[in-house]
2 protein chains.
Amino acid sequence: MVLAMADDVFKALADPTRRRILDELAERDDQTLFEICTRLVTKHGLGLSRQAISQHLAVLESAGLVVSRRQGRYKFHTLKTEPLERIVTRWLRPDTPESTP
Amino acid sequence: MVLAMADDVFKALADPTRRRILDELAERDDQTLFEICTRLVTKHGLGLSRQAISQHLAVLESAGLVVSRRQGRYKFHTLKTEPLERIVTRWLRPDTPESTP
DNA sequence: TTGATAGGCAAGCCGCCACTTGCCTATGGT
DNA sequence: ACCATAGGCAAGTGGCGGCTTGCCTATCAA
């Protein structure tokens with residue numbers, strides 16, 4: 001999605017599986033759906049269908065946390081952290097703990 | 001709760017009403033349940049029962065985002081931002097965009 | 001062209017979560 | 001003593017979200 005509201009970002013982050021996907025994309029970019037599937041199964045040991053992951057990626061993408069690039073029959077996914085940086089400042093405005101000189 | 005997992009924090013942030021409550025507590029500390037209720041109704045225009053807000057506060061408290069202090073028949077609620085600061089660094093670790101020289 | 005790979009679409013099931021409702025406890029005022 | 005206020009507890013309900021299942025399209029290799 002072009003315009004991702006904060007609601008979408010929080011909703012996307014609410015699910016632990018989606019956070020795992022973000023973890024996976026954080027340490028390796030440009031992964032296809034199948035790569036993400038196999039990695040989630042092997043490394044994190046969670047058994048999910050391909051469609052489940054696909055739907056999770058759709059949610060992450062509509063939140064602006066993931067962008068996808070189509071190439072042939074592959075679709076590569078990349079993490080975007082901008083939405084995160086925008087939402088966290090919401091309640092942290094007044095003071096970082098040692099910002100007062 | 002003493003030990004709040006990241007899961008609890010994300011789950012607490014998933015609901016828009018709970019984020020409104022955090023907004024309210026961010027701009028005014030030490031509010032009672034009734035104060036929060038009336039403010040949410042008047043300022044933000046959402047009609048919710050007292051119990052709904054109470055349950056939301058319980059979720060926020062179990063996530064460590066809110067602490068409560070009992071005094072007489074009043075219970076004052078205060079925002080805590082530490083859990084937020086802990087969870088946001090999860091995917092922002094490697095680089096701020098121009099950290100590479 | 002045939003088959004295999006990578007992915008999409010749509011309907012359906014099920015559990016969780018937000019919210020309500022009703023009743024109960026405790027503190028404060030008079 | 002009384003009543004009103006501030007809040008808690010517990011059961012019940014409706015809807016949304018995560019996951020599956022089945023079938024379909026598109027790309028590449030032989």
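Chain A is the first sequence line, chain B the second, and so forth, proteins listed ahead of strands; every chain is numbered from 1.
Under 4.0 angstrom from either OP1 or OP2 of D:dT20 there lies at least one side-chain N or O belonging to A:S49. For the OP1/OP2 pair of C:dA18 and a distance below 4.0 Å, the side-chain nitrogens and oxygens of B:R18 include at least one atom meeting the criterion. The phosphate of C:dG8 has neither OP1 nor OP2 within less than 4.0 Å of any side-chain N or O from A:R73. OP1 or OP2 of C:dG8 sits under 4.0 Å from a side-chain N or O of A:S54. Close to D:dG8, at under 4.0 Å from its OP1 or OP2, lies a side-chain N or O of B:K75. Side-chain nitrogen and oxygen atoms of A:H56 include at least one within less than 4.0 Å of the OP1 or OP2 phosphate oxygen of D:dC19.
Between the side chain of A:T81 and the backbone N or O of A:L84, no donor-acceptor pair lies under 3.5 Å. Using a distance-only test at 3.5 Å, with no hydrogens or angles considered, a donor-acceptor pair links the side chain of B:R19 to the main chain of B:L13. In this structure a side-chain-to-backbone donor-acceptor pair under 3.5 Å is present from A:R18 to A:K11.
Remark: P of C:dC23 and CZ of B:R50 are 14 Å apart, rounded to the nearest angstrom.
Heavy-atom distances to DNA chain D give each of A:G72 and A:G47 a nearest nucleotide, and the one nearer the 5′ end belongs to A:G47. If A:T17 and B:F34 are placed on DNA chain D by their nearest nucleotide, the residue sitting closer to the 5' end is B:F34.
Between the base of C:dT27 and the side chain of B:Q71 there is no donor-acceptor pair shorter than 3.5 Å. Residue side chain B:Q51 reaches the base of D:dG8 through a donor-acceptor N/O pair under 3.5 Å, judged by distance alone.
Grouping the Ile, Leu, Val, Met, Phe, Trp and Tyr side chains by contacts below 4.5 angstrom, directly or via other members, places B:V66 with A:L92.
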